[in-house]
Amino acid sequence: MCYSSVPTTKLLIDGKFIESKTSEWLDIHNPATNEVVGRVPKATQEEMLAAVDSCSRAYRPWSDTSILSRQQIFLRYQQLIKDNIKELAKLITLEQGKTLADAEGDVYRGLQVVEYACSIPSLMLGETLPSISKDMDTFTYRLPIGVCAGIAPFNFPAMIPLWMFPIGMVCGNTYLMKPSERVPGCTMLLAKLLQDAGAPDGTLNIIHGQHAAVNFICDHPAIKAISFVGSNPAGEHIYDRGSKNGKRVQSNMGAKNHGVVMPDANKENTINQLVGAAFGAAGQRCMALSTAIFVGESRDWLPELVERSKSLRVNAGDQPGADVGPLISPEAKVRVESLIQSGVDEGAKLLLDGRNTNVKGYENGNFVGPTILSGVSPAMKCYTEEIFGPVLVVLEADTLDEAITLINNNPYGNGTAIFTTNGATARKYTHEVDVGQIGVNVPIPVPLPMFSFTGSRGSFRGDTNFYGKQGMSFYTQIKTVTSQWKAEDATVTSPAVTMPT
Ligand code: NAD
């Protein structure tokens, strides 16, 4: 393909999709073939400034727009997302690699956040308390905070941007988005649909780039809040730099999610759920169940787990019947394969080896098949690092207490699951395990948007989580008004110099 014929990703500035004037471009690859399918600019300083200026100018009129008008825009938006779900999913599969069915799930989970945002009139209600003193009432308003920004990862090109700008904007903020430079296409179509739904020019601006764009967002004084989702090194940096500059920052980061298998669990369900949650999306989910702890005799189920995992079909995401697509890049493949080798070198047993998986017709793709390492111990690199690939590491424990201690000693706290038919075991687990999101016979317990995404410990920095009531809090501030209306004959007769109580 002639390089100049590769489509370029536009910037969205002040309501216009424009070509960047930058001289620095990054290639976007189809992970199933490694062909270049597009190019994305590293926005220039001038372009980034223009984007924030546009957000700043749009802020006052947008925050003054009636809440019902903002609601109407998002009601139209959710319908447009539904109408275009296939198109959005195709873009995700092209740039990210996951299967089309999984890509639709990616859009669908984001759509649910938009649907939640449509209940904004009740979500923005303040509180009132009449007669807190003689003739005196107090009430609160929930108000937007200004220009907000979102920095997204590659693994959920629809869902994660949709955790960000719809909630921020429906509250009355304007929004600057920086999608992952590896998968910008879906965000651009989502932005076009929002424009079609009636969002005024300047309410959503989009810049592209890497570190320079991220640091620009952390430093620009007009930006009041940053939502970040991605890896720990980036998330820690953004949290520190943004907070130092006086911004609110919520930072969702990496994970090592454990599934605890009790001997009393429903064997068939548990094995299927482990396989789906470890290898779905090629393990590139922050809530992937990447670590299994078999308690007691449940370890006898390992051969069946291996057999079931073997039956998954590795293929390009747009091919019929594909279960496991490619990894995002050749570098990711090398990294995942070297972590598998490190497990072998450190004494783990390779029960299933997905390296050298050959996918006919896609020989240049970044494929790694389902891989299982057993006999893993906590000091091994394949346990201490987030692998972010289709690799299940298996540990064993004699008791539930031992399993809980292991998990609580792991620095991450994103998600976990227990498989059991015993209510008391499940209750003990949910109370004692120090992880923010817990599934009981549910392998990937990502909460629906009426709740919040509550990863904890090393998986999160900040104090207010994404979406749900916490998401509304993140994107709003409270103004409290105390007023006194006395009858005309009740005049204050002398100055009150003591603290009113
Ligand atoms: P990433 O950190 O490489 O990239 C995320 C964003 O940060 C991108 O927009 C990128 O341009 C920017 N970035 C990357 N490195 C940076 C740096 N050093 N300084 C400043 N900015 C930087 O993450 P990724 O590879 O796109 O996504 C995978 C990671 O995201 C995994 O660790 C996964 O667990 C995590 N994740 C977490 C959640 C969650 O909710 N906890 C959800 C999805 C993904």
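In each ligand, atom 1 is the first atom listed, and ligand 1 is the first ligand listed.
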message = Test of understanding: given a 4.0 Å heavy-atom threshold, classify the contact between Asn414 and ligand 1 as side chain, backbone, both, or neither.
response = side chain
query = Out of Pro184, Gly230, Ala234, whose heavy atom is nearest to atom 16 (C) of ligand 1?
reply = Ala234
key: Region of Phe156 engaging ligand 1 - heavy atom pairs below 4.0 Å   = neither
task = May I ask you to list the atoms of ligand 1 that are less than 4.0 angstrom from any heavy atom of Val214?
result = 20 (C), 21 (N)
query = Any idea which part of Glu386 is under 4.0 Å from ligand 1, heavy-atom wise: side chain, backbone, both or neither?
reply = side chain
Taking atom 9 (O) of ligand 1 as the reference point, the nearest protein heavy atom with its distance = Ala152 O, 2.8 Å
task = Please work out whether any backbone atom (N, CA, C, O) or any side-chain heavy atom from C-beta onward of Tyr412 is under 4.0 Å from ligand 1, and answer side chain, backbone, both or neither.
result = neither
request  = Give yes if a backbone or side-chain nitrogen or oxygen of Asn252 is under 3.5 Å from a nitrogen or oxygen of ligand 1, and no if not.
outcome  = yes
note = A student comparing Pro153, Pro179, Ser329, Pro157 should find that the heavy atom closest to atom 27 (O) of ligand 1 comes from Pro153
inquiry  = Please determine whether side-chain contact (heavy atoms from CB on, under 4.5 Å) holds for the pair Phe460 and Met253, giving the CA-CA distance in whole Å, both sets of side-chain angles, and the decisive distance to 0.1 Å.
reply    = CA-CA 6 Å; Phe460 180 66; Met253 302 180 291; 5.7 Å; no
key: Flag: protein heavy atom within less than 4.0 Å of atom 4 (O) of ligand 1   = no
Residues which pass ring-ring contact (aromatic ring centres under 6.0 Å, His included) with Phe466, listed by chain and number, not counting sequence neighbours = Trp163
ask   = Atom CG in Asp434, atom OG1 in Thr416: separation rounded to 0.5 Å?
value = 11.0 Å
query = In ligand 1, which numbered atoms sit nearer than 4.0 Å to a non-hydrogen atom of Glu181?
reply = 8 (C), 9 (O), 10 (C), 11 (O)
ask   = Do other residues, nucleotides or ligands put more than 12 heavy atoms under 6.0 Å from Lys90 NZ?
value = no
request  = List every atom of ligand 1 that sits less than 4.0 Å from any heavy atom of Phe388, numbering the atoms from 1 in the order shown and giving each element.
outcome  = 28 (C), 31 (C), 33 (C), 34 (O)
ask   = Should you measure from each heavy atom of Gly254, which atoms of ligand 1 turn up under 4.0 Å away?
value = 32 (O), 34 (O)
key: Residue Ile160 vicinity, atoms of ligand 1 by number, heavy atom under 4.0 Å   = 42 (C), 43 (C)
query = Which is closest to atom 39 (C) of ligand 1 by heavy-atom distance: Cys286, Cys218, Ser251?
reply = Cys286
ask   = Numbering the atoms of ligand 1 from 1, which are under 4.0 Å from a heavy atom of Arg182?
value = 24 (P), 25 (O), 26 (O)
message = I need the contact type for Phe453 against ligand 1. Using non-hydrogen atoms and a strict under-4.0 Å cut-off, is it side chain, backbone, both or neither?
response = side chain
Any N or O of Asn232 closer than 3.5 Å to N or O of ligand 1 = no
Side chain, backbone, both or neither: Phe228 near ligand 1, heavy atoms under 4.0 Å = side chain
note = One finds that the ligand 1 atoms under 4.0 Å from a non-hydrogen atom of Asn155 are 43 (C), 44 (C)
key: Sidechain N-carboxylate O distance under 4.0 Å for Arg461, Asp240   = yes
message = Between ligand 1 and Ser231, is the shortest N or O to N or O distance under 3.5 Å?
response = yes
